[in-house]
2 protein chains.
Amino acid sequence: MGRPKSFEPDVVIAQAMETFWTKGYAGTSPADLAEATGVAKGSLYHSFGSKRELFAMALDLYGRTGSEVTEEFLSRPGTAKERIRAYFVLLVDMDLDGPARRGCLAQNTVEEFGGRDEEATRAVHRIEERMIGLFAARIEQGQRDGDVDRDVDARAQALFLQAILAGLRVMAKTFDRPVLYQIIDTALAGP
Amino acid sequence: MGRPKSFEPDVVIAQAMETFWTKGYAGTSPADLAEATGVAKGSLYHSFGSKRELFAMALDLYGRTGSEVTEEFLSRPGTAKERIRAYFVLLVDMDLDGPARRGCLAQNTVEEFGGRDEEATRAVHRIEERMIGLFAARIEQGQRDGDVDRDVDARAQALFLQAILAGLRVMAKTFDRPVLYQIIDTALAGP
DNA sequence: CTAATTCTTGAACTTAAGGTCTAAAATCAG
DNA sequence: CTGATTTTAGACCTTAAGTTCAAGAATTAG
C-alpha cells in the first residue's frame with residue numbers, strides 16, 4: 001500500500017541516462033535531473049538514493065539497450081563484414097547527426113571517472129565485454145555461413161573491432177564524416 | 001621591474017597538467033592546483049587568469065610534449081611498422097604502469113567536455129591532426145626506405161593508426177596488457 | 001472512516017568550488 | 001632612500017551542488 005509512485009522508474013532512468021549522456025556525470029546537477037525528468041529533487045533522492053546510484057542504473061540501462069540494438073542489427077541479413085560495416089556506419093552517423101556529439105556513454109564514463117572509481121570501471125568493462133562477445137559471435141556465425149575464413153581468430157578480431165569502434169567514437173567528437181568513413185574502410189579492408 | 005615571480009610559469013603549467021591529467025578538469029579544484037603547484041590560489045589567478053585558461057595552457061603543453069616524444073620515438077632506427085608497433089607498446093605500457101590509468105589528456109578532455117566547448121574541441125583536434133601528420137610522415141619515410149609498399153595511402157593509414165591508438169587508450173582503462181598487446185598485433189598484422 | 005504506509009515537494013542545510021581583493025613584500029629606476 | 005610597479009597569500013565573497021527534512025497528499029487494510 002502507501003501512495004503510489006507518480007512516475008515510471010524506468011522512464012525516469014531513461015531520461016536521466018539521456019541527460020548524463022549529453023552533459024556528463026559531473027556536468028549534470030540534481031536540478032538538471034529534476035528538470036529533465038519532471039520529478040522533484042526530493043522524490044528522486046527518495047526513489048534512487050543518490051545521484052551516483054541513479055547514474056549506475058542509467059549506465060546499466062545504456063549497456064542493455066546498446067547490446068540489444070547491436071545484436072539485432074548484426075543479425076540482419078548479410079555477411080559478417082557487411083553487417084559490421086553497416087553497424088559502424090550507423091554509430092558514426094548517430095554520433096554526428098545528433099545535436100550534441102555526445103559519443104558513447106560508457107566511454108565517456110570511464111574517461112571522466114578515470115581509474116578513480118572501481119564500480120564505474122567494472123560496469124564499463126562489462127559493457128565492453130558484451131560488445132566483444134557479440135562481435136565474436138557474429139564472426140563465428142560468418143564462419144559457419146562461409147563468408148569468413150575458418151582460420152580467423154574470432155576473439156582477436158572482435159577485440160580489434162572494439163578498439164576501432166572506441167577509436168571512431170573518440171574521433172567522432174572532432175573529425176567529420178568522410179574521415180570517419182575512411183577509417184572504417186581502412187579497418188575493414190583486410191580479409 | 002616590480003617584484004619578480006617566485007615560480008617558473010612553465011613548471012607550474014606542467015604541474016597543473018599532471019593534476020588535470022590525473023583528476024580530470026572538473027575534478028581539479030583551485031585548491032588542488034594550489035597544493036600541486038605550491039603556489040597560492042590568489043597567485044595562480046593573478047598569473048593565469050582562470051582555471052580554464054590554465055587548463056588551456058596545460059593542454060597545449062601536453063600536445064607539444066606529446067608530439068615531440070612521438071616524433072623522436074618514431075624516428076629511431078627500424079622499419080615504419082617496427083617503430084609504430086614499439087610506439088603503441090610504449091603508450092600501452094605507460095598507461096598501465098602509472099598508478100592511475102589516466103589515459104590520454106587530450107581524449108579525456110574531449111570526452112569530458114563533450115561537444116560543449118568549442119575551444120577545447122579545437123585544441124584536441126589540433127593535437128590529433130599533429131599525431132596523424134607524424135604517422136603519415138613516418139609511413140612516407142618507410143616508403144622511401146622501401147619497407148612500406150609504394151601504393152599505400154599514407155594519410156588513410158595514418159588515420160587508421162590514430163583510431164587504433166585512441167581505441168587502445170580507451171580500452172587501457174578497463175583491459176589488461178595481454179588484450180591490448182593482442183589488439184596491437186591484430187591491427188598491425190596487415191601489409 | 002481511521003490508521004498505517006508510502007510518495008511528493010519545496011525549503012533548508014552544508015560544503016566547497018571558483019573567483020576577487022587587499023594589505024604586505026619584493027624589486028628596481030632615479 | 002623614495003616611489004613606481006608587480007607579486008604574494010590568505011581572507012573573503014557568491015553561487016550552486018548534493019543531500020536531508022518536514023509537512024502534506026495518496027492509497028489500501030481493516
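Heavy atoms only: backbone and side chains are in, while hydrogens, waters and symmetry mates are out.
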Can you check the [X] [atom1] to [N] [atom2] distance for me, whole Å?
| X | N | atom1 | atom2 | answer |
| --- | --- | --- | --- | --- |
| B:L54 | C:dG19 | CG | P | 11 Å |
| B:F48 | D:dT6 | CZ | C1' | 15 Å |
| B:E35 | C:dG18 | CD | P | 15 Å |
| A:R3 | C:dT6 | CZ | P | 14 Å |
| A:E53 | D:dT20 | CD | C1' | 15 Å |

Exercise for review: Using the test side-chain hydrogen bond (donor to acceptor under 3.5 Å, both in side chains), find all partners of A:R76 that sit at least two apart in sequence or belong to another chain.
Suggested key: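 If we apply the side-chain hydrogen bond (donor to acceptor under 3.5 Å, both in side chains) test to A:R76, skipping adjacent residues, the hits are A:E72.
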Review point. For A:R83, which residues count as a side-chain hydrogen bond (donor to acceptor under 3.5 Å, both in side chains) partner, sequence neighbours excluded?
Key: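 A:R83 satisfies side-chain hydrogen bond (donor to acceptor under 3.5 Å, both in side chains) with no residue once adjacent residues are dropped.
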Point to revise | Verify same cluster id: A:M94, A:M17 (apolar side-chain graph, 4.5 Å) | key: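 Looking at the clustering, A:M17 is in a separate group from A:M94.
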Check your understanding: Quick one: on DNA chain D, does A:R52 or B:K5 contact a more 5' nucleotide (nearest heavy atom)?
Key ->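 Final value for this comparison: B:K5.
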Check your understanding: How would you label the contact of A:F7 with the nucleic acid (heavy atoms, under 4.0 Å): base, sugar-phosphate, or nothing?
Key ->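 Sugar-phosphate, backbone atoms only, no base.
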Protein N or O to nucleotides 9-17 of chain C N or O, pairs below 3.5 Å:
from: C:dT9; atom 1: OP2; to: A:S43; atom 2: OG; distance (Å): 3.3

Review point. To the nearest 0.5 Å, what is the distance between NE2 (A:H125) and CG (B:D176)?
Key: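 Between atom NE2 of A:H125 and atom CG of B:D176 there are 7.0 Å.
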**Study point:** Interatomic distance, A:W21 atom CH2 to A:Y62 atom OH [nearest 0.5 angstrom]
**Key:**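 The distance works out to 4.5 Å.
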Review point. Is any side-chain nitrogen or oxygen of B:Y45 closer than 4.0 Å to OP1 or OP2 of C:dG19?
Key: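 For B:Y45, the contact criterion (side-chain N or O under 4.0 Å from OP1 or OP2 of C:dG19) is met.
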Point to revise | A:Q141 and A:D145: side chain donor to acceptor below 3.5 Å | key: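 On atom types as modelled, these side chains qualify, holding a pair under 3.5 Å.
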